[in-house]
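Order of the sequence lines fixes the chain letters, A, B, ..., with proteins taken first and strands second; residue numbering starts at 1 for each chain.
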Protein chains: 2
Amino acid sequence: MGSEAAGSEVAGSAVGSAAGSAVGSTAGRATDPSVLDALAAVVGADHVAAGASVAEDYAHDEALSIAAQPPAAVVRPGSTAEVAAILRLAAEHRLPVTARGTGTGLSGASIPRPDGLVVSFERMNRILEIDTENHVAVVQPGVTLADLDEATAAHGLSYPVYPGEYGASLGGNVATNAGGMRAVRYGVTRQQVQGLEAVLPSGEVLRTGGKLAKASTGYDLTQLIVGSEGTLALVTEATLRLYPRHPHQATVLAPFTGVDEVAAAVPRIVASGIGPLILEYIDALTMGAITHAQDLDLGVPDQVRESAQAYLLVMLENATPDRLEEDTERLGEHLVSLGAVDTYVLPGPAARRLVDAREKAFWTAKAIGAQDIVDVVVPRAAIPEFLRRAREIAERHGSFVAGCGHAGDGNVHLSVFETDPDVRYRLLRELFEAGMKLGGLISGEHGVGRTKKRYFTELTDPVTLDLMRRIKQAFDPAGILNPGVLLDPVSG
Amino acid sequence: MGSEAAGSEVAGSAVGSAAGSAVGSTAGRATDPSVLDALAAVVGADHVAAGASVAEDYAHDEALSIAAQPPAAVVRPGSTAEVAAILRLAAEHRLPVTARGTGTGLSGASIPRPDGLVVSFERMNRILEIDTENHVAVVQPGVTLADLDEATAAHGLSYPVYPGEYGASLGGNVATNAGGMRAVRYGVTRQQVQGLEAVLPSGEVLRTGGKLAKASTGYDLTQLIVGSEGTLALVTEATLRLYPRHPHQATVLAPFTGVDEVAAAVPRIVASGIGPLILEYIDALTMGAITHAQDLDLGVPDQVRESAQAYLLVMLENATPDRLEEDTERLGEHLVSLGAVDTYVLPGPAARRLVDAREKAFWTAKAIGAQDIVDVVVPRAAIPEFLRRAREIAERHGSFVAGCGHAGDGNVHLSVFETDPDVRYRLLRELFEAGMKLGGLISGEHGVGRTKKRYFTELTDPVTLDLMRRIKQAFDPAGILNPGVLLDPVSG
């Protein structure tokens with residue numbers, strides 16, 4: 001290991017985020033030969049890289065608005081015991097530690113510190129169990145959604161959370177409380193996580209929950225760690241809820257001539273009890289961009305398309321084809337009664353391509369030059385008002401926003417087009433404030449990470465922030481886990 | 001207020017549970033005239049009682065195995081601001097504070113300290129909003145399940161958690177993460193709580209979540225407070241998820257000749273995707289006791305009843321009568337294929353009485369002399385093995401256990417008949433250990449409270465306990481909230 005070149009400008013022991021007593025005493029640097037040797041002794045020399053040997057990929061996730069930053073070193077553990085040994089070393093040398101799944105996050109939460117370690121879970125990628133009796137999967141953090149989908153399908157089961165990227169890892173999904181289109185029916189990651197194994201910054205191994213549908217036995221540590229963005233503990237195993245896989249699906253597209261009508265229809269669809277699998281709204285611009293990008297013909301006549309301001313995309317699923325057909329018909333009638341110009345039941349291939357294109361809307365936004373994306377969550381019924389205010393805010397700044405969203409659960413995705421960073425900061429801050437005034441929060445599913453930390457710490461009330469900081473302190477007194485992310489005052 | 005007699009033997013400032021720096025400095029006693037006057041100034045003299053004026057009800061909940069204990073004083077706030085003022089006073093004088101809803105809990109978590117205050121939420125009993133667009137109710141903690149059921153029914157909506165006692169308060173349900181029979185379909189209280197207002201021991205008011213289906217914006221403080229048994233904060237408002245109310249229900253009773261067969265059938269029913277509203281098992285002894293107590297004739301022929309070792313009770317619900325009938329038929333066939341002797345679709349009145357009697361099984365157990373009840377939760381598929389081990393443990397101690405349970409979510413209720421307290425301690429400890437070895441936890445829905453604290457602190461691993469204590473410290477550094485409950489080392 002000594003032969004690997006040390007990075008040139010890595011900072012020293014300057015973690016010092018949370019005050020508190022330091023775990024270790026000997027401050028060091030991740031690229032000190034003694035540290036690298038010690039890491040190599042834990043995971044094997046093949047699984048440590050430092051300085052110039054660190055692959056470019058470890059320097060970023062998919063966040064648009066933040067620069068890549070290589071870590072001082074990367075280490076790839078193969079077991080929980082190795083993760084514990086790495087954290088003991090990191091604590092001893094006060095090294096910042098950033099966990100990484102497959103790097104598909106959108107908030108910069110896995111962008112490391114220049115003086116820190118990336119702990120990459122790519123080798124801990126085993127599905128440990130598909131338990132068909134208790135309907136749970138037990139997975140290591142490096143397992144991807146694609147792997148889990150394949151493994152559950154073989155048993156007629158399904159893990160329903162799909163944030164639009166099958167390459168995402170379950171570890172990352174747990175860390176960000178990932179959502180996606182099916183949340184309106186199944187909930188987000190939080191609702192699926194029944195138990196965790198996680199390593200505390202001290203190197204102690206914590207086990208929470210289990211294959212249990214419920215519990216009332218002490219504080220819910222599972223839910224505290226879900227969504228904590230790698231700042232409290234490193235998840236090494238998750239027990240996830242599975243569901244029967246429904247074989248029959250139908251997809252209905254409904255154009256509306258006004259954005260308000262489409263938004264107003266959403267609570268009524270949810271209230272109907274029809275239980276949609278997905279319930280998305282897509283504005284006309286976004287629909288134009290994704291159908292153009294995918295060369296998709298949805299069979300909507302030109303005249304209807306030209307008058308449409310927004311669309312609802314609704315997917316139903318059922319165990320039996322008869323009930324699916326009945327529900328699809330009922331849904332169509334309901335949509336027209338709620339103001340849809342017409343409804344189109346999309347044939348299988350077109351439906352799959354449209355849903356896929358919608359899932360990839362982020363990439364479309366990136367391709368057409370959006371400078372940032374936001375995923376404000378508001379009460380479902382507040383979507384029309386939030387969209388009105390968002391348009392007004394954008395116009396006032398001479399900027400432009402367009403988007404789509406998980407209408408069923410109030411999660412609005414907006415692509416933000418504004419090249420001036422100062423204007424963009426004010427625009428985003430006003431968007432977040434508008435969402436919060438309507439009872440919402442900054443992020444519905446992407447997380448705060450580095451990209452939204454400034455807004456989060458500026459706009460969240462001090463009682464909440466102080467309490468979160470004390471909780472962080474309870475887990476990580478030396479502040480070694482993911483400094484610079486979420487609520488950590490360290491810059492960058 | 002000075003005219004109310006002070007309790008005679010109340011202890012002084014001996015809270016001192018969590019170490020940490022004390023919030024206040026002037027140690028006092030809840031019955032000091034100056035403290036009572038200050039409390040009266042906050043809530044009005046009519047809403048403070050001390051010493052002999054404290055009604056007997058405030059000394060206990062419904063836990064079987066723990067003695068009543070009157071508090072030094074009771075205070076009944078009418079608003080969040082009053083709760084905050086009370087907690088500031090309590091912090092200043094280091095008074096133990098125990099929150100109380102309607103006192104229907106089963107774990108002694110609302111039994112106060114002799115030197116402490118009970119904060120009773122009986123006056124904070126308003127339903128602040130039934131939001132039909134976002135499908136949420138906003139309630140004060142003193143609202144009962146009966147009140148909420150009536151208010152939601154008027155809108156065709158439903159709050160689905162029903163722990164078997166309509167007199168229970170929502171505040172208590174949130175504090176214990178209450179469950180009940182419908183959890184197999186809708187989840188427990190935790191899954192319904194979307195936001196909270198809560199007062200920290202410092203008197204600061206915390207607001208978490210909101211009318212939001214999801215969020216990924218910092219640590220989930222909502223879920224941390226749910227199930228924390230009044231040890232972290234006092235909940236003053238909850239935002240709860242509502243669902244469309246299904247008008248059509250059917251109830252099927254299926255006797256089995258073996259306990260193992262009934263337990264083995266459970267995962268198969270869940271896997272069938274039929275989505276039962278309730279899925280209960282009832283052993284023959286418990287069924288005999290509850291049908292006898294209620295004088296219930298279920299139409300099961302004598303011969304079948306005599307051979308039955310256990311029953312499954314399954315209730316289905318649907319928006320349409322046709323689908324309900326179809327599902328009921330399918331369920332019946334499925335149950336027989338899984339080994340049921342026969343199936344009986346119960347007529348409405350008999351079904352309601354049986355379900356009601358099952359819900360009141362605790363009272364039946366109490367009436368026939370059970371010394372304790374436990375509600376161990378295990379993985380659903382581990383129920384047969386847990387029941388085998390429970391019988392073996394009881395036999396070895398010359399004791400007797402019988403019960404029923406929320407089979408769909410692995411929550412086993414056992415009535416424990418053993419008069420010797422030392423034997424009962426060993427018996428319970430072995431029952432809990434057996435459950436934990438099978439991947440379970442001590443309580444599925446009643447909570448730890450005072451009754452199970454000894455077992456919880458003895459059997460939980462130190463890493464978990466230490467972390468929970470540090471979290472407690474982050475919320476309540478002076479340890480004034482519910483000392484003696486959950487993980488607090490203070491005895492009693």
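- Of the two parts of A:Ala319, neither the backbone nor the side chain holds a non-hydrogen atom closer than 4.5 Å to a non-hydrogen atom of chain B.
- By the 4.5 Å heavy-atom criterion applied to side chains, B:Leu467 and A:Tyr219 are not counted as neighbours.
- When the candidates B:Asp375, B:Asp131, B:Asn134 are compared by the number of heavy-atom contacts under 4.5 Å with chain A, B:Asn134 comes out ahead.
- Of all heavy-atom pairs between B:Thr176 and A:Ser216, the closest is O-OG, 2.5 Å.
- Heavy-atom distances place both the backbone and the side chain of A:Ile471 under 4.5 Å from chain B.
- No other option in B:Asp466, B:Leu232, B:Thr132, B:Leu200 has as many heavy-atom pairs under 4.5 Å with chain A as B:Leu232.
- Nearest heavy-atom pair across A:Ala271 and B:Pro244 is O-CG, 3.9 Å.
- No donor-acceptor pair closer than 3.5 Å links the side chain of B:Thr217 to the backbone N or O of A:Leu441.
- For chain A, the nearby parts of B:Val377 are the backbone and the side chain; heavy atoms of each come within less than 4.5 Å.
- Interface remark: A:His246 contributes no atoms to any contact with chain B (heavy atom separation under 4.5 Å).
- Contact annotation: the side chain of A:Arg470 never approaches that of B:Phe475 to less than 4.5 Å [non-hydrogen atoms, C-beta and beyond].
- With a threshold of 4.5 angstrom between heavy atoms, A:Ser107 does not approach chain B through any atom at all.
- In this structure, A:Leu206 and B:Asp461 have side chains that are not in contact, with every pair of non-hydrogen atoms separated by 4.5 Å or more.
- Neither the backbone nor the side chain of B:Val266 has a heavy atom closer than 4.5 Å to any heavy atom of chain A.
- Only the backbone of A:Val205 comes within less than 4.5 Å of a heavy atom in chain B; its side chain stays farther off.
- Residues A:Arg380 and B:Lys211 are not in side-chain contact: their nearest non-hydrogen atoms beyond the backbone lie 4.5 Å or more apart.
- Between A:Arg323 and B:Glu326 the shortest side-chain heavy-atom distance falls below 4.5 Å.
- In this structure, the side chains of B:Lys214 and A:Asn411 come closer than 4.5 Å at one or more pairs of heavy atoms.
- The distance from atom CG of B:Leu221 to atom CE of A:Met468, rounded to the nearest 0.5 Å, is 4.5 Å.
- Contact of B:Val136 with chain A is not made at all, since no heavy-atom distance falls under 4.5 Å.
- Two residues are said to be in side-chain contact when any heavy atoms from C-beta on lie closer than 4.5 Å; A:Thr208 and B:Thr464 fail this criterion.
- At a 4.5 Å heavy-atom cutoff, the contact between A:Val448 and chain B is made by backbone and side-chain atoms alike.
- Annotation: side chain of A:Asp220 is in contact with side chain of B:Arg190 (closest heavy-atom distance under 4.5 Å).
- Only the side chain of A:Leu212 comes within contact range of chain B, with heavy atoms under 4.5 Å apart.
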